[in-house]
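Side chains are part of it too, since the values below use all heavy atoms of this structure and drop only hydrogens, waters and symmetry mates. Residue numbering restarts at 1 for every chain, and letters A, B, ... go by the order of the sequence lines.
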Amino acid sequence: MSREVANPKPGADFIRQIVAEDTESGRYGGRVVTRFPPEPNGFMHIGHAKSVCLNFGVAKEFGGVCHLRYDDTNPEGENEAFVVGFQEDIRWLGFDWGEHLYFASDYFERMYDCAVILIEKGLAYVDSESEEEIREGRGTVTKAGTPGRYRDRTVDENLDFFRRMQEGEFEGGTHVLRAKIDLESANMLMRDPVLYRIRHARHYRQGDEWCIYPMYDYAHCLEDAFEDVTHSICTLEFENNRELYDWVLDNVGFEEPRTHQYEFARLDLEYAVLSKRRIIPLVEAGIVSGWDDPRLSTVRGIRRRGVPPEALRLFCKMIGVAKAQSVVDIGKLEYAIREVLNQAAPRVMAVLDPIKIVLTNYPDGQTEEFEAPYFPHDVPREGTRMVPFSNELFIERTDFEEDPPPGFRRLVPGGEVRLRHAYVIRCEKVVRDKAGQLVELHCTHDSESRGGKGTAGRKVKGTIQWVSAAHALTAEIRMYDHLFLEIPESDSDEDEEIVSRINPDSLRILEGAKVEPSISDDSPDTRYQFERTGYFWKDPVDGVGEELVFNRIVSLKDSWSRSAAKSDVKVPKGKSGSEKVMNNPRRPEKPAVNESREAARAADPQLMARFERYSDDLGLTLEQADLLTTSPEVSDFFEKALAVYDEPAEVAGWLTTDVRGLLGARRLKDLTFDGEGLGQLVALVAADRLSRRAGKDVLARMIDEGGDPHQLIVEMGLEKVSDRSALESVIEEILAAWPEKVIEYQAGKSGLIGMFVGEVMKSTNGAADPKVARELLLKKLGG
RNA sequence: UGGCCCGUGGUCUAAUGGCAGGACACCGGUCUUUGGAACCGGCGGUGGUGGUUCGAAUCCACCCGGGCCAACCA
């Protein structure tokens, strides 16, 4: 059916464009119903999150609803814990299904009834062959399948068998219900797909009520149809399944407007493991602590890591939705997390790897407090806390360097550094033990520099964080990194192989970290920025009691270490720019004709004769002759057009490019006009009644809605405007309306000529002669 | 190898025959009591070859490359 682009929404993803078109055309009476259909046999991961954001997001944006429906049609592996898990994770992500919670297993009765309808129509049969026999009978991608010995059972026989299957009379594996479609279909899924199989297994919701269970392709479309879903959005690997989706609904008797399936590219993320098949071995081997390990890309893991749901939603928005299979840079996720946390996280000071500082000129036993703001000047949020200060402090080991590299802006022997919110200190002495190990640093503070004052005329290299030794809290800090050393290849699905790629440093535990005491008063789910190091929060499992345990959510962007260690820049895998493969640059004798079309011609002498006549007598190119003799249908169409307007090259041009393009999935025989109509149109263009461009608009209309070219020209107002003075005044207006573009054009941006011609075409509704318009524009613009 | 889908800077994505744009990354600068943030600037792209058109990322053909399909999984 034709899909008129009512009002394309530039910028929106293709799914939203389709929904927008359907909403505007009233196809579903303005209803929008989507659904998120997980199978409850695992936990939600970030790939599901993309789908959740899409389905719930689309519903929300178009005033519709999104159902949460469990696709629990296979009793094996499914359970209640996973059902609860998905609900928790979806809610956490910030979406709500309202009262629309459904279970495919609740529809088993109705699905059974639909199967009976198919059997009664002779469109499904009970096959009693073995699994292997069925597999063999299906053929291969290059070899057609062959009918099995049960394919022609009578309707009554099938009904009887199917009923007895349902009643539990047979062992698992002895019989299946199959659709009777086409064993020779190029689409393997259409070769009599299995609809029901026998499984004497306990279903987590239905118990032993059923011993036959529907297959995905049969069940899923019915679930959508039962729920009046309008847009059934799934991932690309289901593209081949769409034909079967439509077949089932059409044959069971669902009429338009009914649900339709649309496919988008699933999320793939660098360093992430996104399939159950690959996560389970990691969990079972104890490589990760469970489904909620913060290194995992499960929503539970991401959540435990401390990532806020807003960040995940922002990430999904950033990556978009399209059909091109792609791998997203992990840096985008990190950006989204920092973006959200920068605005939300209070800043506090913590020292991950402490080294002691003794202030030799600060009175022993004295304490003072600094009032320090939680947020920097550029984050519009209020709040301060008190930070205690004394003569013994900790600073970060990496903030002191005896032998500093050029550009080092922290503490060095004899040098000064500012303590954040406090004093400027100078390193006077490096104290070592007998083994030469650094023990502590003796420093002096400048009491004039309190809180940032008294620094005029003095250049202080840098500012570092610190905590007072006597007041500091000791914490364990878990530093997470990528679980894998390299981006896992999609084909590395062997368990051992995955294990061997694990990054041994994916979890680094820092035991003796020191944190400022103010945090003890905060809500346990506070996400902090530990200044200069990263974003952290208390581990919700191990960090909620007396023990302080922090997870690093994400580091801060670090332009220092990046520039200091330029050597380990990430080299993208695969081909780099310079070694981009040249795609067969020289192929002098390209095949002019297509092999399969040539074979078709060989079987049809009339087509073969026409092919030769087209290329030899009519002077068409081999390519044109080839395309025009694809089938008698095309060739006859061409002949009819020639009968009206005998200019083979011109007619062939229209038919092999424009008509083919506009036709899309439709066939010539579906059109309401034949070759004669095309011939008339081409003749009109040749007679200068309308421009070629306008002719194409007319053709599009003829193909979509039918109609006579003569009438359409008048109706659409496309009578050609090539009267120069009329065009000139249009051009004057356009140039006056785009003064900046005129200047840009005259400054050398010659590509703008297309935009000017386009504007002329637009304002004349496509009737202007673009050739003349261009010529006049060139003259006016001084080209 | 049969069918279906997909190729836009390093990465993700827009442009629906008419100005190839945005985001991330990267590089440089300004600012800064976080080597953070913010702000300014820069680098860099339509897989290839033909064709249709006044005009092609977009339509047509062929080629190259990638993905999916031969479960009684979803």
Side-chain angles (χ1 to χ4, degrees), chain A residues 5 8 10-11 13 17 39 41 71 73-74 76 131 134-135 138-143 145 172-173 176 185-189 191 194 196-199 215-216 220 236-241 243 263 265 318-320 322-329 331-332 335 338 342 347 376-379 409 418 420-421 452 455 460 462-465 529 531-532 556-561 563 572 576-577 580-585 587 590-592 594 621 623 626-627 653-654 656-658 660-662 692-693 696 741 744 749 751-759 761-762 769-775:
Chain A
V5 179
D13 61 68
Q17 292 192 20
E39 184 187 13
N41 68 348
D71 210 359
T73 57
N74 183 349
E76 290 160 7
E131 204 173 329
I134 290 175
R135 186 164 43 239
R138 193 146 33 217
T140 68
V141 289
T142 50
K143 210 179 81 215
V176 291
S185 172
N187 182 351
M188 297 295 296
L189 287 161
R191 320 243 266 224
V194 172
Y196 271 93
R197 77 283 211 186
I198 299 171
R199 276 261 197 295
M215 300 289 292
Y216 169 85
H220 200 94
L236 247 29
E237 66 270 27
F238 292 99
E239 264 170 336
N240 296 326
N241 302 58
E243 193 178 355
E263 310 88 15
M318 283 171 66
I319 58 175
K323 292 197 76 162
Q325 182 271 341
S326 57
V327 182
V328 176
D329 186 336
K332 276 200 180 62
Y335 171 85
R338 291 187 188 113
N342 178 48
R347 273 64 168 174
H377 60 92
D378 51 5
V379 175
R409 304 218 310 237
R418 189 190 317 277
R420 178 79 160 152
H421 302 126
T455 55
V460 179
T463 301
I464 62 174
Q465 78 277 19
Q529 184 192 107
E531 292 213 42
R532 301 209 311 128
L556 246 34
K557 218 169 95 182
D558 184 356
S559 56
W560 164 252
S561 69
S563 63
S576 74
K580 213 168 195 171
V581 271
M582 290 305 285
N583 287 314
N584 203 5
R587 176 176 285 267
K590 69 162 186 153
N594 175 286
T621 64
E623 182 183 316
D626 182 36
L627 290 171
W654 281 85
T656 56
T657 59
D658 305 77
R660 272 179 91 91
L662 257 7
R692 203 193 135 112
R693 147 71 188 260
K696 198 170 171 185
K741 295 293 180 187
E744 279 179 56
K749 193 169 176 184
L752 283 171
I753 190 70
M755 171 257 174
F756 288 120
V757 176
E759 287 300 313
M761 298 308 290
K762 214 185 289 174
D769 181 340
K771 225 181 286 190
V772 178
R774 187 189 199 92
E775 183 191 316

Between C73(B) (P) and N74(A) (CG): distance, integer Å | 6 Å
Provide the distance between the two [atom1] atoms, one in [N] and one in [M], to the nearest whole Å.
N      : M      : atom1 : value
C72(B) : G3(B)  : P     : 24 Å
G21(B) : A57(B) : P     : 13 Å
G48(B) : U53(B) : P     : 23 Å
U58(B) : A20(B) : P     : 14 Å
G10(B) : C26(B) : P     : 15 Å
A37(B) : C31(B) : C1'   : 11 Å
C12(B) : U46(B) : P     : 16 Å

Pairing nucleotide - G17(B), Watson-Crick or G-U, each distance under 3.5 Å | none
For C62(B), what is the paired nucleotide under Watson-Crick or G-U wobble rules, both distances under 3.5 Å?
-> G48(B)
Just checking D769(A): base, sugar-phosphate only, or nothing, at a heavy-atom cut-off of under 4.0 Å?
-> nothing
Heavy atoms under 4.0 Å, any strand shown: does V194(A) hit a base, just sugar-phosphate, or nothing?
-> sugar-phosphate
Taking OP1 and OP2 of G36(B), is either one under 4.0 Å from a side-chain nitrogen or oxygen of S559(A)?
-> yes
Are R197(A) and A74(B) close enough that a side-chain N or O sits under 4.0 Å from OP1 or OP2?
-> yes
Syn-anti status, with the boundary at 90° from 0, for the nucleotide A61(B) | anti
Sidechain-backbone polar pair: R191(A) side chain, T140(A) backbone, donor-acceptor under 3.5 Å = yes
Between the side-chain atoms of K741(A) and the base atoms of C19(B), is any donor-acceptor pair under 3.5 Å?
-> yes
